[in-house]
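The structure appears below as structure tokens.
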Amino acid sequence: MSIREELNQWMLENLTGEFEQIRWRGGPGDEDSSPELRRAWEQKFGEAGWIGLQWPKEYGGRDLSLMDFVEFNEEYARHGGPGRAGHIGETLMAPTILAYGSEAQKERFLPGIKNGTELWCQGYSEPNAGSDLSNIKTKARLDGDSWVINGQKIWTSLAHESDWIFVIARAEEGSKGRDGLVFLLVELDQPGIEIRPIHQISGTAEFNEVYFTEAKTDATNMIGDVGEGWKIAMALLGFERGASTLGQQMMFQNELNLIIKTANENGRAKDPTLRRRIAEAHAGLKVMRFNALRMLNGTQDGSTSKEGYISKIFWATWHRDLGELAMDVIGADAEIIEDELSPLQKLFLFSRADTIYAGTNQIQRNIISERALGMPKEPRGSANG
Amino acid sequence: MSIREELNQWMLENLTGEFEQIRWRGGPGDEDSSPELRRAWEQKFGEAGWIGLQWPKEYGGRDLSLMDFVEFNEEYARHGGPGRAGHIGETLMAPTILAYGSEAQKERFLPGIKNGTELWCQGYSEPNAGSDLSNIKTKARLDGDSWVINGQKIWTSLAHESDWIFVIARAEEGSKGRDGLVFLLVELDQPGIEIRPIHQISGTAEFNEVYFTEAKTDATNMIGDVGEGWKIAMALLGFERGASTLGQQMMFQNELNLIIKTANENGRAKDPTLRRRIAEAHAGLKVMRFNALRMLNGTQDGSTSKEGYISKIFWATWHRDLGELAMDVIGADAEIIEDELSPLQKLFLFSRADTIYAGTNQIQRNIISERALGMPKEPRGSANG
Amino acid sequence: MPSFPFQEDHDMIREAVKGWLSDWEDGGKTLHRVAKEGQGFDRTAWEGFARDQGMAGISIAEQYGGAGMGLLGRTVIMEETGYTLFSAPFFSTCVLGADMIEAFASEDDKADLLSKIASGDIIISVLDGRNQLTLKNGALSGVVSPATDAAHADLILVAAYDEDNNVALTGYSPNTAGLSVTPFASIDPTRSQAKVFFENVALSDGQAIGKTDNTAFSQILQIAHGALAAECVGGGQRCLDMTLDYANQRVQFGRQIGSFQSVKHKCADMFIALESARSASYFAASPDLDDDPVAKFEASLIAKNYAAEAYFKIAGDAIQMHGGIGFTWEYPLHYFFKRARGNRALFTSSEDGFQMLADQIGLAQNTTDISGE
Amino acid sequence: MPSFPFQEDHDMIREAVKGWLSDWEDGGKTLHRVAKEGQGFDRTAWEGFARDQGMAGISIAEQYGGAGMGLLGRTVIMEETGYTLFSAPFFSTCVLGADMIEAFASEDDKADLLSKIASGDIIISVLDGRNQLTLKNGALSGVVSPATDAAHADLILVAAYDEDNNVALTGYSPNTAGLSVTPFASIDPTRSQAKVFFENVALSDGQAIGKTDNTAFSQILQIAHGALAAECVGGGQRCLDMTLDYANQRVQFGRQIGSFQSVKHKCADMFIALESARSASYFAASPDLDDDPVAKFEASLIAKNYAAEAYFKIAGDAIQMHGGIGFTWEYPLHYFFKRARGNRALFTSSEDGFQMLADQIGLAQNTTDISGE
């Protein structure tokens with residue numbers, strides 16, 4: 001039985017009962033919906049052995065091939081599988097631990113991810129280091145057997161629903177930029193950590209500020225060595241462009257389907273301008289899919305192939321435009337909020353963040369021009385460059 | 001009788017006979033058409049007293065008010081008045097001489113412009129100083145009673161149809177940037193000057209390279225003093241945003257009318273996408289007109305009001321888009337060249353230059369952000385900045 | 001010298017209004033309060049503005065107690081209320097309502113209603129029910145939505161086709177039998193929206209204001225909606241101002257982000273869109289067009305749709321230029337973005353607006369109706 | 001490892017073709033010569049490429065003497081001929097012509113014609129005369145324009161409706177009575193275009209190739225036109241390469257202009273458009289779709305229109321980034337811009353293409369015909 005058939009079977013049997021209500025839910029912009037049910041779903045999913053399929057067999061994975069993993073993701077999305085509460089753990093943390101972690105760290109952390117019992121979030125951005133990621137001010141000092149952390153992280157997705165956070169912090173006093181950083185794994189439920197939600201334009205709060213005041217983690221919870229924090233943080237970001245993008249695209253397909261359905265129902269499908277925009281959105285999604293296949297077939301080691309550099313800006317811009325299209329397709333009623341924001345209204349509002357988080361479109365264009373096209377870097381300013 | 005009525009009468013009586021064939025012709029991109037007839041027209045126009053209307057009465061002008069001059073330009077364009085062979089002389093050279101020239105220079109040069117007998121062109125750009133206008137390499141040295149000029153100018157409109165050129169050149173050995181420049185008036189018909197046409201994307205050649213090899217001009221033909229060349233050159237550019245833009249807009253209106261006519265004739269007026277684009281072009285032209293009125297009412301001294309900064313990039317971009325629209329309106333036949341390029345085909349091809357010459361769109365955005373919005377300048381590179 | 005095309009008195013009004021509204025808005029705090037209260041309407045502030053400050057009558061003729069400052073007068077007000085998202089029914093009452101009455105009412109009704117508007121004693125909501133309401137046995141039935149400011153209107157002016165396919169304009173008290181107003185939450189929380197239900201609402205239960213043919217009614221309605229262009233210009237200016245403040249203050253990579261060309265050029269594009277919209281707005285309010293209703297109709301059509309598109313683009317770019325903070329609720333920029341989105345769809349969508357303009361400039365049309373519904 | 005989705009042999013062909021075409025083009029010199037000659041066709045080069053290099057048969061099945069390298073094979077060729085604007089009828093003959101024959105001809109005709117194509121011994125021009133030609137008394141009349149490569153074709157394949165409203169495909173010699181070919185100058189001087197006039201051209205004077213229903217014909221035609229996407233990708237790559245070379249070499253304000261963010265970001269946008277178009281092109285040629293003609297039709301529709309739009313945008317941006325030199329005749333960039341513009345309109349306009357795609361993805365349509373003509 002192919003992996004697609006296997007999953008199909010399981011989804012038919014298990015995405016039922018109370019889980020019905022989270023079908024199609026929990027995607028980007030909707031990550032605040034039913035957190036408890038989605039945590040339960042993550043555990044059920046883990047128990048069934050669906051997490052970590054690409055991992056080596058010795059760590060409980062199935063060493064799944066890329067194309068099989070692609071099929072797996074597509075099948076999951078086809079069923080309207082809920083946005084995965086454990087996706088940061090599975091797609092970012094686990095590959096990083098597998099690549100750079102010690103044997104002891106693998107044993108300690110991989111099972112919690114695989115079982116869906118330990119959820120992760122990401123502590124990279126800081127209030128004064130948005131696009132300039134290397135400008136880290138959060139400090140870590142070694143005190144006996146513990147790292148002690150002070151500082152503030154921001155734009156941490158789902159911190160309030162997570163158990164652990166990975167953090168880059170400055171371990172060497174006086175170091176600058178990419179030097180002197182450490183990559184630490186920190187448990188969130190402790191007195192030295194305070195989490196404050198950031199309410200977004202949509203009124204919902206996926207993002208948080210995380211304050212560290214003498215927060216502690218065991219000295220063994222450092223990945224790599226002191227001074228290697230930047231290298232590890234960047235490798236982790238490389239994994240972000242992995243096969244999970246194909247699952248994301250299936251979510252996009254569902255949104256597009258909803259727009260097409262709406263247009264056919266309210267008659268706007270006959271408006272040539274909207275027809276063309278919808279057709280272009282459809283074309284864009286097909287392009288996105290084939291681009292991901294090119295990218296995934298190009299490299300399988302977390303590095304980025306040339307075409308891989310366009311992935312983030314392409315999907316973010318496409319998705320933001322889809323949000324505007326959705327509202328135009330709804331028409332005059334688009335402004336009306338019944339009870340709560342409808343999925344298409346959420347799409348419209350939340351997607352404004354897409355072109356900003358995880359590297360703004362402007363930063364993406366810098367990266368493309370310098371890394372994919374080899375153009376010269378800009379002179380840095382004199383202030384502290 | 002209003003100036004509009006006066007001109008109406010005269011145009012009805014004079015834009016006739018052989019001049020009929022240059023009606024609507026000679027606009028941007030079409031400046032190579034019938035140069036001799038248009039030179040004859042310029043003289044006829046001058047003899048009738050229509051050139052220099054805004055000049056003070058003592059120099060033969062009529063001290064015409066701004067709004068009257070606006071009406072005059074609109075009326076001229078309404079008749080399909082030919083592109084003016086003398087427009088650089090009248091709209092750029094004359095105001096500069098009036099503002100900065102000596103009494104002797106006014107007496108020497110204003111009559112030739114006013115009578116339409118001496119045509120002017122502009123020697124600013126150089127091969128290595130395109131957008132970076134201050135990087136002038138052409139040299140001038142004073143030798144007895146003459147300036148002797150060596151160097152090369154490029155993108156000189158209509159040099160081959162002109163009698164005189166105004167040139168910025170470097171008079172002080174070793175000076176850099178904006179320092180040490182002179183502003184000279186030079187007769188073109190002399191052994192030290194060679195003019196080579198630059199063929200454009202449209203196959204026509206409005207622009208030229210002008211080579212100076214020991215070219216000479218009388219020492220009295222310097223406007224201002226040594227070291228004042230930059231100041232005078234910039235003042236001259238300020239005059240470029242004057243009332244003549246309204247005449248240009250009437251040319252644009254004629255092009256748009258031709259597009260609307262074409263769309264109605266071939267049925268594409270019914271295509272909603274093209275309808276919308278045409279309607280937007282119409283709206284853009286109205287906006288351009290009112291923006292020009294705001295600008296002209298804001299300042300009347302050659303300086304630029306805040307909204308004036310958008311004028312160049314707005315019309316250039318609008319006109320380039322109009323060219324693309326024209327081709328889409330023609331449809332599949334747009335590729336076919338019958339005998340010579342049709343006016344709409346010329347529009348499409350030539351308008352690619354609009355967003356480049358006289359300050360590219362990129363340079364315009366720099367100027368807007370720094371001068372109209374007061375944003376910080378970029379750090380200059382270390383190479384020779 | 002006042003800035004073209006305004007006169008000195010317009011500039012004076014602008015200065016006064018600007019200060020008052022800035023105090024009201026209090027750097028975004030008031031917008032948060034209004035959003036929280038969920039009405040999209042600040043009654044106290046409206047009364048202060050309309051009555052005490054005397055702003056409701058700015059464009060009402062002097063004979064009815066107004067200031068008689070014409071379309072340019074209300075352009076100033078709309079620009080400044082757009083700059084602060086002043087949550088009050090100036091547009092509904094003093095533009096839409098006043099224009100309808102001015103154009104279609106009897107002299108007696110004008111004297112009565114226009115002076116009430118000028119003194120700030122009445123709030124009016126205008127409903128274009130031509131396609132939503134049906135007339136049967138002298139009574140109207142149907143739903144009009146969205147109905148701006150209907151939730152707190154003293155007088156609801158309803159346009160509907162009569163038996164002769166003319167447009168009849170009728171004024172109703174919100175308490176009229178069969179008429180009910182249900183406010184709804186809008187994506188834009190600073191503007192009041194509602195659905196108004198008609199169940200056999202007798203024409204005779206309302207006040208007959210006037211009648212006209214469909215074309216004339218559409219023209220007047222469009223000219224009134226042209227004033228929204230000024231609101232868009234005000235809002236766009238605010239978005240640009242916030243962006244420039246932020247870009248000049250925020251440091252990344254060792255430089256103010258406002259020194260990066262990508263940020264500078266985006267701000268330049270915002271400025272180009274803004275000043276173009278401003279030209280479109282001022283053109284539509286230009287006294288030169290006062291004697292030419294067709295030209296004024298066309299200019300209003302251009303102004304509303306051109307400025308609404310520009311505002312939406314500017315507001316979206318402003319969020320982008322702010323980075324993370326731009327999409328937080330706490331930072332008030334999103335209210336402007338939401339207003340911009342709402343204005344694009346209010347009255348007619350930009351798409352329909354430009355198609356109407358295409359008709360207007362003589363492009364042959366298809367006979368089939370291509371719009372939705 | 002060959003780059004996905006290609007195999008090693010595709011990469012080898014690409015290397016060989018790339019070098020040959022680069023020699024041919026000679027840094028733009030040959031394009032100037034072709035433009036001057038005014039044919040849009042370099043016969044000597046075509047014979048060298050098709051016969052001596054054996055490239056005409058790249059995608060023809062092996063049984064007919066071709067290399068059997070499938071759609072990906074011709075994608076390689078089209079990309080590289082697009083990169084150099086190779087002025088020869090590869091697309092007309094080896095893509096359009098071959099696809100028509102492959103789909104509709106008898107086994108005997110296939111054996112004959114496909115091997116002639118593979119050996120480079122025939123030039124074919126395909127005319128879609130469905131809307132231009134009328135059939136009366138067994139003879140065709142009308143004009144087909146533009147007719148790519150008809151001016152030097154040995155065989156003109158004409159599609160026209162027959163009496164049953166099926167599509168009949170007939171092959172004519174250019175010397176057939178009543179048929180005349182008039183070349184015309186095109187804005188794009190590197191492609192051969194003509195008008196083909198039919199005055200009572202008897203069907204019986206031609207070779208009956210096959211018949212099919214309208215939908216099947218449209219599908220095959222669209223799939224063939226999908227190959228233009230690769231030409232657009234090749235041309236777009238050339239525009240980007242020229243721009244990068246220029247930006248890295250040109251110094252203004254004391255810096256390479258390629259170090260300015262506005263130039264870098266524009267190049268990034270060009271790259272995004274280019275790689276997207278490349279994905280669309282490769283997707284349409286993907287062997288995964290070989291068994292699903294509907295999916296392949298849709299993918300070809302997407303590829304042609306998406307890539308044509310991208311190419312036009314890239315080429316326009318390339319001119320802009322070059323400044324003054326970009327719009328001179330001497331610098332060969334304008335040929336690519338003109339090809340890009342031509343490709344957007346060739347076969348179907350992008351607008352019509354996207355409307356067709358809208359039908360394909362299940363958007364309800366209006367019943368009225370809205371396109372021009």
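Just so it is clear, the structure is predicted and the values come from calculations on it, not from any experiment. Chain letters run A, B, ... following the sequence lines, proteins first, then strands; residues in each count from 1.
Of all heavy-atom pairs between A:N264 and D:A364, the closest is OD1-N, 2.7 Å. The two residues D:A268 and A:S369 come nearest to each other via the heavy atoms CB-N, 4.4 Å. When all heavy atoms of A:R275 and D:A358 are compared, the closest pair comes out as NH2-CB, 3.6 Å. Residues D:L363 and A:A269 come closest through the heavy atom pair CD2-CB, 3.7 Å. Closest approach of D:S279 and A:F290 over heavy atoms only: O-CD2, 3.3 Å.
Most heavy-atom pairs under 4.5 Å with chain D: of the set A:I260, A:I368, A:L373, A:N291, this distinction falls to A:L373. For the set D:A247, D:S281, D:S276, the count of heavy-atom pairs under 4.5 angstrom toward chain A peaks at D:S276. When the candidates D:A299, D:C267, D:A303 are compared by the number of heavy-atom contacts under 4.5 Å with chain A, D:C267 comes out ahead. The candidate from D:Q256, D:M270, D:Q261 with the greatest count of non-hydrogen atom pairs under 4.5 Å with chain A is D:Q261.
Neither the backbone nor the side chain of D:N305 comes within contact range of chain A, judged by heavy atoms closer than 4.5 Å. For a residue to count as touching a neighbouring chain, one of its non-hydrogen atoms must lie under 4.5 Å from one of that chain's; by this rule D:L240 touches chain A with the side chain only. The contact between A:A372 and chain D is made entirely by side chain atoms (from C-beta outward), counting heavy-atom distances below 4.5 Å. Contacts of A:I313 with chain D are made by side-chain atoms alone, with heavy-atom separations under 4.5 Å and no backbone atom involved. Interface residue D:I361: backbone and side-chain heavy atoms are both found under 4.5 Å from chain A. Both the backbone and the side chain of D:Y282 come within contact range of chain A, with heavy atoms under 4.5 Å apart. Proximity to chain D involves both the backbone and the side chain of A:N366, based on heavy atoms less than 4.5 angstrom apart.
With hydrogens and angles left out, the side-chain atoms of A:H282 and D:E298 include a donor and acceptor closer than 3.5 Å.
In this structure, A:E280 contributes its side chain and D:F354 its backbone to no donor-acceptor pair below 3.5 Å. Using a distance-only test at 3.5 Å, with no hydrogens or angles considered, a donor-acceptor pair links the side chain of D:K264 to the main chain of A:P376. With hydrogens and angles ignored, the 3.5 Å screen pairs no side-chain donor or acceptor of A:R276 with any backbone N or O of D:G353. A distance-only check finds a donor-acceptor pair linking the side chain of A:R294 to the backbone of D:E275 [under 3.5 Å].
Expressed to the nearest 0.5 Å, how far CE of A:M375 lies from CG of D:L244 amounts to 5.5 Å. Considering CD1 of D:I272 and NZ of A:K312, their distance stands at 11.0 Å, rounded to 0.5 Å. The structure places CZ of D:F271 at 7.5 Å from CD of A:E307, a figure rounded to the nearest 0.5 Å.
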